[in-house]
A.B. asks: 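I'd like to ask you about the structure that follows.
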Amino acid sequence: MYHYTAVQWLFFFFFYCFFGWCFESTYVSICKRKFVNRGFIRGPFLPLYGSGAIMMLLVSAPVRDNLVLVFFAGCIGATALEYVTGVVMEALFKVRYWDYSHKRFNFQGQICLSSSLCWGALTVLMTRFLHPAVERLAFLIPPAALTALVTVVLVWFSVDFAFSFQAAMDLRDILVRTEQAKKELERMQKRLDVLIAVAGDEWDSRKEAFVQRSVQKREEVLSGMEELLSGMEERFDALRRELPASDILKEKRGEVMELWERFVGNRRVREEKLDTFLKGINRRRLLKTNPTMTSKRFQETLDELKKAAAEYRKGFSWKGFSEESQEDRRDED
């Protein structure tokens, strides 16, 4: 077994966090053909690699004289850590910071065979070649200097992690609130469909189609938040045209006005919250440095936020961005 002091263990953790950041940032930058400061936190550290390295050292220590057992110990230990970390982060933040769903032999998109094999190979390389050199480096540094160095990095890392954690929580909140706003708009849309159908002359012929549309899954009815907002405006325009000639709608005028006020208020609050979110540099950085971030429930909003963060500039307006996006879609059509 390894016999290190707490300061030395922390030194190893931060060293491998930095090593992982160099490896990951280089790989992603090559794939994206531009520099990407990869990672959950802002500084040059990837906590998963640091934790994984410590895990590899601990699980491989009892069998470090047998390379085959070291390989399998690394596969199992690091894969378990990756899976638990991924599940906890997705449950907490509502997004995945890595996703292996597109790879063969994956489990829930959190782990996959190729990644596990890489962890095993890295365990062999680290324990045989890399860690002995890192260990010698730690022993060469005077204890007082090592303690001072680790303390400074620990403070920096802790502050950085706190800000990054808050940014991730802010992202979660904006995704959840946008989803709630979308559901509220959907309920309003269904009510507007009823009012429009009742006001028209073809209610009987439109009733069956309306009922079928209402029971469809939400994601099949709507293609996006902007399409939903545009559809709501079209419905209100239709009601304005029908209102003067429809006795039924005249009786429902109060309800129509209430729906309109709720719609306008919902849209304004959404735009204000999204603008406020994007003003935070840590929140924008979180989106820019995790291009592979995905979300099962909130992918549409997440994609919009990623695009907005990439194009953010002084005087940015989410409303302006939304209108620009609609124009782009019309041009594409």
Side-chain angles (χ1 to χ4, degrees), residues 1-4 6 8-32 36 38-41 44-93 95-138 157 161 168 289-296:
M1 296 297 292
Y2 297 101
H3 301 284
Y4 302 129
Q8 289 170 337
W9 277 115
L10 282 173
F11 174 81
F12 297 142
F13 171 77
F14 290 132
F15 178 89
Y16 290 116
C17 283
F18 176 72
F19 176 83
W21 176 85
C22 293
F23 172 79
E24 190 88 4
S25 295
T26 301
Y27 175 77
V28 175
S29 296
I30 292 174
C31 293
K32 297 294 181 180
V36 178
R38 193 77 169 93
F40 176 75
I41 63 179
F45 301 104
L46 282 179
L48 179 62
Y49 279 83
S51 303
I54 300 302
M55 170 71 77
M56 291 174 185
L57 291 174
L58 293 175
V59 299
S60 64
V63 294
R64 57 182 174 179
D65 294 331
N66 187 319
L67 289 182
V68 175
L69 293 180
V70 167
F71 175 83
F72 283 108
C75 286
I76 296 171
T79 298
L81 176 65
E82 184 178 34
Y83 178 78
V84 172
T85 303
V87 170
V88 171
M89 290 183 71
E90 184 174 9
L92 185 60
F93 301 128
V95 297
R96 287 185 177 183
Y97 285 85
W98 61 87
D99 188 1
Y100 299 130
S101 299
H102 61 288
K103 293 191 175 183
R104 298 178 62 184
F105 308 112
N106 75 85
F107 180 68
Q108 297 179 355
Q110 301 286 3
I111 55 175
C112 67
L113 179 61
S114 60
S115 177
S116 297
L117 295 177
C118 286
W119 284 123
L122 283 173
T123 303
V124 174
L125 290 174
M126 185 185 69
T127 56
R128 282 291 190 226
F129 303 102
L130 180 59
H131 188 68
V134 177
E135 182 184 61
R136 287 193 296 270
L137 175 62
F157 180 89
F161 184 86
T289 59
N290 291 279
T292 58
M293 184 192 297
T294 61
S295 176
K296 289 183 178 181

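Remember, it's a predicted structure, so these values are computed and weren't measured experimentally.
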A.B. asks: Which residues pass the salt bridge (Lys or Arg N to Asp or Glu O under 4.0 Å) test with E82, not counting sequence neighbours?
C.D. replies: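 If we apply the salt bridge (Lys or Arg N to Asp or Glu O under 4.0 Å) test to E82, skipping adjacent residues, there are no hits.
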A.B. asks: Relative to the ring of F19, is the ring of F15 parallel (under 30°), tilted (30 to 60°) or perpendicular (over 60°)?
C.D. replies: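 Parallel.
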A.B. asks: For the backbone of I111 and the side chain of S115, can you confirm whether one donor and one acceptor N or O come within less than 3.5 Å of each other?
C.D. replies: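 No.
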A.B. asks: Checking ring-ring contact (aromatic ring centres under 6.0 Å, His included) against Y83, which of W98, F107, Y100 comes through?
C.D. replies: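 Option passing the ring-ring contact (aromatic ring centres under 6.0 Å, His included) with Y83: F107.
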A.B. asks: Between T127 (side chain) and V124 (backbone), is there a donor-acceptor pair under 3.5 Å?
C.D. replies: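 The answer is yes, because a donor-acceptor pair under 3.5 Å joins these two groups.
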A.B. asks: Using modelled atom types and a 3.5 Å cut-off, is there a donor and acceptor pairing between side-chain atoms of R128 and backbone atoms of R64?
C.D. replies: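 Yes, because the side chain of R128 sits within donor-acceptor range (under 3.5 Å) of the backbone of R64.
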A.B. asks: Would you call the rings of Y4 and W9 parallel, tilted or perpendicular if under 30° counts as parallel and over 60° as perpendicular?
C.D. replies: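 The arrangement is perpendicular - the two ring planes meet at more than 60°.
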A.B. asks: Rounded to the nearest 0.5 Å, what separates atom CG in L113 from atom SG in C75?
C.D. replies: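 Here the rounded value is 8.5 Å.
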A.B. asks: I'd like to know whether CZ of F72 has more than 12 heavy-atom contacts from other residues, nucleotides or ligands below 6.0 angstrom.
C.D. replies: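 No.
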A.B. asks: If you count the non-hydrogen atoms of other residues, nucleotides and ligands that lie under 6.0 Å from CZ in F18, is the total more than 12?
C.D. replies: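 Atom CZ in F18 is not packed in, count stays at 12 or less.
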A.B. asks: Rounded to the nearest 0.5 Å, what separation is found between the CD atom of E90 and the CD atom of Q110?
C.D. replies: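 Nearest 0.5 Å value for the CD-CD distance: 5.0 Å.
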A.B. asks: Just to verify, what does I41 make a side chain to side chain contact (heavy atoms under 4.5 Å, CB included) with, not counting sequence neighbours?
C.D. replies: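 I41 satisfies side chain to side chain contact (heavy atoms under 4.5 Å, CB included) with F45, F157, D160, F161, S164 only.
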